[in-house]
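A short write-up of the structure that comes next.
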Amino acid sequence: MKPPILKVRDLTKKFGNVTSVNGVSLDIADGEILGLLGANGAGKTTVINMVLGIVTPTGGHIEVFGKELMANRIEVLRSTNFCSTYTQLPGNLRVWQNLKVFGQIYRVPDLKARIDEVLEILEISHLKERVSGELSAGEGTRLNLCKALLNRPRLLLLDEPTASLDPDIADKVRKVVKRIRDEEGTTILYTSHNMRDVEEVCDRVVFMHKGKVLFTGTSEEILHHFEEKSLEDVFIRVARSGDIESNRERKEGGS
Amino acid sequence: MSFYTIKALVLRYLYLYTRTPVRIVELIFWPLVHLLVWGYLTRFLQQNVGDDFPHEITFLIGAVILWDILFRAQQGVAIFFLEDVWSRNLLNIFAAPVTNADYLGSTYAVGMMRAGVTSVMLGGLSALLYSFNVFQLSWALIPFVFNLLIFGWALGMISTALIVRWGPAAETLAWAVPFFIQPFAAVYYPVDYLPTALQWVAKLLPCSYVFEGMRDVLKDGVVNWAELGIATGLNVVYLAAAGVLFVRVMNTAREKGLLTKFASQ
Ligand SMILES: Nc1ncnc2c1ncn2[C@@H]1O[C@H](COP(=O)(O)OP(=O)(O)O)[C@@H](O)[C@H]1O
Ligand SMILES: [Mg+2]
């Protein structure tokens, strides 16, 4: 079996006395799309930020492409990319200017052609000359995705990529994500609290709650584990139950 | 440190300048206004008071103008950095294969370019406007201004580091950074008038040599190149120190999640 592209062990992050991520372990296999699912504040973004090295872990271990992250950060980041609802490219640059700058930072060969290609993939070629800050939220997200695809990353981190999109565009983005994986073999970590995302896009799901991993498996395995009919129901129950650990114990004790 | 990455980051700054005319105004407008006011005021005084008008008056005019150049350089730089922080773009940069050295290298390169553009423009204009009259300071002004701009750049980086580290609450403090050093910088009075201990503080600030030098030029028409050299040397030290501070703050920011905090606000 091939080694995992991303290997996370006992990852913990404390901000002051708030523990945002608490002993998270996960693997993503080569070419896999792993969904990181959880309510707001579950710690998904913090996990992604630690994998990118922009937040330093309090404890634990991260390996990307079989290499320890912090010791090989720059090398790893060259073959990684990300797209987040929380970041924007400089608003007063034109779309092509932003892509050119990031293409150069990531040393993309044959950059001009690649820029046209990624704009085409996300169907925003017509926005190439536009000023980035004047794009709609959905167009902005797609520009961010263009940036994320520029360097044909081996590992792609997507933090709620469909959060600000209308259903039509969200559907297109999901299809692009699958296509990238199918055509280029890109390994993808995909955070979301949208059940549709998870069901349609992800091969496997890591379910997070209050900084901990509750369950890892396919959608079917999750349904079976929680004895619910839909992921939506699981999600709502987990989000409302507060402390799921005791909840499960209660269930197990009762049966 | 990679030349290619630095080039890409500098390109980004150049796009920002060409895309935002206001920034070019900031780069050229204030120094230009100062040059004109200083030039014409000096000419006016000389024609009305005669050749033996008190030096102290020109000292003050020069001090006001040079101080404002320093102040605006610091503010311009700090705003420049903070826009990156506020526009949530800093995360994109630091989640890309960009080392601290690359980022600092690009800011130094842009700082030099800014100082260079302003200085060359001032040089050209003062040659054009004043070469045929008694205005003495025109050429000597250029290395002085260049040093002030570089020192302003270092102070701007320090202000930014304060704001990234302590959050928006530190903003008033950060904007006031130049005024913390003003009493010791010999802006309006010679270094000799400070108590001995404070004279040492003054000697550690590159801008004190610029203000002293300005007075020398006005009084005797002689540029003290040795002192200008010391100012330049000190500036290198300050730039390096600002760089070290910046890297340390960035590491703290990674610990405390400060960059992402800005990003999700
Ligand atoms: N920079 C930070 N400083 C302090 N607390 C933070 C910071 N970033 C995240 N948190 C806290 O960590 C928890 C997890 O946040 P986050 O990872 O953004 O969750 P998610 O992405 O799943 O919504 C939240 O309680 C949040 O308030
Ligand atoms: Mg999040």
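Below, chains carry the letters A, B, ... as their sequence lines are ordered, and counting in each starts from 1.
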Give me the atom names and distance for the closest heavy-atom approach of A:V55 to B:G257. CG2-CA, 4.3 Å
Looking at B:A253, B:S2, B:A8, which has the largest count of heavy-atom pairs under 4.5 Å with chain A? B:A8
A quick test of your reading: do over 12 heavy atoms of other residues, nucleotides or ligands sit less than 6.0 Å from CZ of B:R248? no
Let me see the working for A:I105 and B:Y4 under side-chain contact (heavy atoms from CB on, under 4.5 Å), right down to the final yes or no. CA-CA 8 Å; A:I105 290 176; B:Y4 200 79; over 6 Å; no
Most contact-rich option vs chain A, by heavy-atom pairs under 4.5 angstrom, among B:I6, B:T99, B:T5, B:N92, is B:N92
Expected contact set for residues 56-73 of chain A against chain B at heavy-atom separation under 4.5 Å reads A:T56, A:R73
Supply the atom-to-atom distance B:M250 CE to A:I54 CD1, rounded to the nearest 0.5 angstrom. 12.0 Å
Measure A:V131 against the heavy atoms of chain B and call it side chain, backbone, both or neither at under 4.5 Å. side chain
Side-chain donor/acceptor of A:K13 to backbone N/O of B:E255, under 3.5 Å: yes
Evaluate A:T87 against B:N89 for side-chain contact (heavy atoms from CB on, under 4.5 Å), listing each step before the verdict. CA-CA 6 Å; A:T87 65; B:N89 183 49; over 6 Å; no
Looking at B:P97 and A:Y106, what are the two nearest heavy atoms and their distance? CD-CE2, 3.3 Å
Is the number of heavy atoms from other residues, nucleotides or ligands within 6.0 Å of CD (A:E184) greater than 12? yes
Which residues from residues 9-17 of chain B are near chain A, with near meaning under 4.5 Å between non-hydrogen atoms? B:L9, B:L11, B:R12, B:Y15, B:L16
Cut-off 4.5 Å, heavy atoms of chain B, and the answer for A:N49 is side chain
Looking only at heavy atoms and a cut-off of under 4.5 Å, which of A:K100, A:Q104, A:Q97 has the most pairs with chain B? A:Q97
